[in-house]
Every structure is written in structure tokens, then in C-alpha cells.
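Let me begin by presenting the structure, written as C-alpha cells, before commenting on it.
The residues of the chain are indexed from 1 along the displayed sequence.
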Amino acid sequence: MRKYLYFEDGFSEKPEWQPNCWVNIECPDDNDFTFLTQQLQVPESFLDDIADTDERPRTDTEGNWLLTILRIPMPSTRLGVPFITIPVGIITNDDIIVSVCYHHTDLIPDFIAHARRKGIVVRNKLDLILRIIYSSAVWFLKYLKQINNDVTTAEKELEKSIRNEDLLRLMKLQKTLVYFDTSIRGNEMLIGKLKNIFQDTGYLDLDLLEDVAIELKQAYNTVNVYSDILTGTMDAFASIISNNVNAIMKRMTSLSITLMIPTLIASFYGMNVSLPAGHHPHAFILIVLCSAALSAIVFVWFRKIKWF
């Protein structure tokens, strides 16, 4: 899907491309590739780099082309985790600005809608890159709140019954936080590279740059806090599981010892030898009562030492 957006009236959309417009492409098809490589002469190597799902945030140049790759969050059921991060490439030239993403995301449409609603003015290509990075930090924080709610829900379920599924759920959330941490730190490093590239030009807006850095820092700190909380929670529940297993084994051992007493007495009286009270008319009742009494004594003792 390809859109032509102009930096006027909060990104007005036009039916065709003109110089200095923003070409936003999601899930490019063959027609989009032809437009980029043949009409705009975008280097194909840039498009291949953006297609790599493991590509780290970075910048690259080829001739007078600049490639900026950042990572943004999105919901996912792939890999068994609730959220992942994906690369978004912004390719710029003197009069060409192209953003390419190989996934459908809510971030770019939300950014465009927000810019229209707030009347945000984007002066140049660097402003666009910085504002998209700023928007990514906002979405990181939004998804982090959802992760925190999921952790709270999982903790309440674990308090009722500890199941492997609940622990695996926490592990998947921990994996998501690792993705977020790596991507946010990469975006922070990207800010420094962009500052060095554009410091001698009129593109650099220091106030906007500071706002983006602050938002990314907040997202990074939030990830670390949630990660520490989740790690402590998983360690605590791992200890609880171990203690519960020990308690169960202790009860099972106590029960086995208690039941062993009547079994042992019955085994003695089942032998073909003379035993005390073997010919007594009430021998069976006496043996049963004796076995019950001894088992009761052992049970009371185990309860006293809190083995039951």
C-alpha cells in the first residue's frame, strides 16, 4: 500500500508523487518495488536491508542517499510472545523521502492522524525521522502498560494455582521485554548518529531532539523497571513451587509411614508361625484396634511437628 503525503495541513494526501513529499509504503508489492527502484532510483540494497526482520537501528549511505532504520513495536502471536519489534526504513535524498515497512502496523497511521489532529508541522526529513522515533517511544510505553497488566493478571492466577502455563506466560512477557530493551537502546544510539549527520545543516531542531531523547529514556527506564519486577516475580514463584513440592513430599512421606504401621502388623500376623494372641477369639478385633491406635499416635505426632 502506497500513500503520497505532503507536509501541509497535517500531512495532506495526494494522488501522485511530487518532489519533497513523503511516500509511505506498507507491505510493498511488485508494483511498489518497481516504483521505488525505477522511478525514484532507490538503491535495492536498502530495500533488502529493511526486509531483514533482525536488522538493528542504524544509518547507511550510498551516494547521496541516506538510509535510516529504526525499530518499532507491534502486537504479535508469532514466536509465542504478545509483542515484537520490527524494522522501519526511512530512505531520504535531496527531494525524496520514503518510508518502507514490511508489516501492517498501527504506529504510522496513528502518527499521521495525530499530526493532523494536533496540526504538527514537519519542516524537513529529519523532523519526520525524529517524530516517528518519538511516536515509537510512545507506543513502547503504551505496550509496556499492557505488559504490566498481563503480569499483574498472571500473578493473581499464580496465587490461586501454580501451573506451568502461568509460568510460561511470564517467560514470554520477559522475552518481550528483552526485545523492547534492545530496540529502545538501538533507537537511542540512532539519535546520536542522526545528530552527527545533520549537525552542520539547518535541519536539526534541538528542542525536538531533546524531547525524543527524553521520551526514549523514559521508555528505556520503564522497560528496566518492569523487567526487574518480572524477574523478581518469577524467582519468587519458582521458590514457592519448590517449597510446595517439598511440602507435598513431606506429607506423602508422613502418610506412607502412618499406613505402614497397620501393614507391618498385618504382615506379621499373616505369617505361618505362632504369634501373641493368635488363638484368642477376639484376636482380629484386637489387632485392628492396636493398628488403628498406633497409626493414630503416629498421626498426632506428625501433626504436632507439622508434617501434616
Should Leu294 and Met260 be counted in the same cluster of Ile, Leu, Val, Met, Phe, Trp and Tyr side chains packed under 4.5 Å apart? no
How long is the gap from CD1 on Ile197 to OG1 on Thr59, to the nearest 0.5 Å? 4.0 Å
Considering all heavy atoms of both residues, which atom of Ala219 and which atom of Leu144 are nearest to each other, and what is their separation? O-CD1, 3.9 Å
How long is the straight-line distance from CG of Leu230 back to CD1 of Ile147, given to the nearest 0.5 Å? 9.0 Å
Of Thr176, Thr182, Ile184, the residue whose pairing with Val223 passes side chain to side chain contact (heavy atoms under 4.5 Å, CB included): Ile184
Would you say Asp30 has more than 12 foreign heavy atoms packed within less than 6.0 Å of its CG? no
Rounded to the nearest 0.5 Å, how far does CG of Asp127 lie from CD1 of Ile132? 11.0 Å
Using the rule side chain to side chain contact (heavy atoms under 4.5 Å, CB included), only one of Leu66, Thr68, Thr92, Leu194 pairs with Leu126; which is it? Leu194
If you group Ile, Leu, Val, Met, Phe, Trp and Tyr by side-chain heavy-atom gaps below 4.5 Å, do Val121 and Phe111 land in one group? no
Quick check: does any side chain N or O of Ser256 sit under 3.5 Å from a backbone N or O of Met252, one acting as donor and the other as acceptor? yes
Measure the spacing between OG of Ser99 and CD1 of Ile129 and express it to the nearest 0.5 Å. 10.0 Å
Working to the nearest 0.5 angstrom, can you tell me the gap between Leu70 CG and Met189 CE? 14.5 Å
Can you tell me which residue pairs pass the ring pair (Phe, Tyr, Trp, His ring centres under 6.0 Å) test with a partner in residues 32-52, sequence neighbours excluded? Tyr4-Phe35
Distance-only donor-acceptor pairs under 3.5 Å for side chains of residues 202-216, two or more places apart:
unit_1, atom_1, unit_2, atom_2, d
Asp205, OD1, Asp207, N, 3.2
Asp205, OD1, Leu208, N, 3.4

